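For clarity, every value in this text was computed on a predicted model and none was experimentally measured.
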Amino acid sequence: MAREVKQVTFTEVAIPKLTRVAAYARVSSTKDAMHHSLSVQVSYYSGLIQQHPGWQYVGVYADEAKTGTKDTRDGFVRLVSDCTAGKVDMVITKSISRFARNTVTLRSEERR
């Protein structure tokens with residue numbers, strides 16, 4: 001019986017890149033009810049991101065602030081920094097007002 005040898009070529013399989021997703025949550029008061037609201041937001045976003053098949057969970061950045069414009073928001077500043085550094089591809093949040101009341105404020109907070 002004659003042997004037959006065939007050369008097999010393998011093609012590179014492209015592994016789909018996951019979208020690195022973070023969430024931003026903020027409450028505008030440090031009252032107990034608002035602290036619970038923040039906890040609920042963080043839990044919701046964590047589960048939502050981790051259950052999505054095309055997303056990689058980066059984290060939930062959160063702040064407790066009296067207003068969206070006056071207090072230093074460390075979580076927001078870290079989020080913008082991580083986005084700028086290429087660690088985050090997409091951010092989800094309840095509404096754009098979680099970032100700032102207007103685009104002028106948003107741009108000034110981005111620079112902190």
ask   = Looking at Leu79 and Ala22, what are the two nearest heavy atoms and their distance?
value = CD1-CB, 4.1 Å

ask   = For the atom pair OH (Tyr44) and NZ (Lys94), what is the distance rounded to the nearest 0.5 Å?
value = 12.0 Å

inquiry  = Quick one: does any side-chain atom of Thr84 pair with a main-chain N or O of Val80 as donor and acceptor, under 3.5 Å?
reply    = yes

inquiry  = Taking Val88's backbone N and O only, do any of them form a donor-acceptor pair with Asp82's side chain (distance below 3.5 Å, no angle check)?
reply    = no

inquiry  = Determine whether a donor-acceptor pair (N or O, by modelled atom type, separation under 3.5 Å) exists between the side chain of Thr93 and the backbone of Tyr24.
reply    = yes

ask   = Which atoms form the tightest heavy-atom contact between Asp63 and Gly75, and what is the distance?
value = OD1-N, 2.8 Å

Spacing of Arg26 atom CZ and Arg73 atom CZ [to the nearest 0.5 Å] = 5.5 Å

inquiry  = In this structure, would Leu18 and Val91 fall into the same cluster of hydrophobic residues linked by side-chain contacts under 4.5 Å?
reply    = no

query = Are any of the side-chain heavy atoms of Tyr45 and Ile92 separated by less than 4.5 Å?
reply = yes

task = May I have the step-by-step check of side chain to side chain contact (heavy atoms under 4.5 Å, CB included) for Gln56 and Thr19, ending in yes or no?
result = CA-CA 6 Å; Gln56 177 183 355; Thr19 302; over 6 Å; no

query = Going from CD on Gln41 to CG on Leu48, what distance comes out if it is rounded to the nearest 0.5 angstrom?
reply = 12.5 Å

message = So that I can tick it off, tell me whether Asp89 and Arg20 are bridged by a salt bridge, with the cut-off set at under 4.0 angstrom between side-chain N and carboxylate O.
response = yes

request  = Look at the side chain of Ser81 and the backbone N and O of Val77, then say whether any donor-acceptor pair between them is shorter than 3.5 Å.
outcome  = no

inquiry  = The test is ring pair (Phe, Tyr, Trp, His ring centres under 6.0 Å); show your working for Tyr61 and Phe76 and say whether it passes.
reply    = CA-CA 7 Å; Tyr61 298 75; Phe76 180 77; 9.7 Å; no

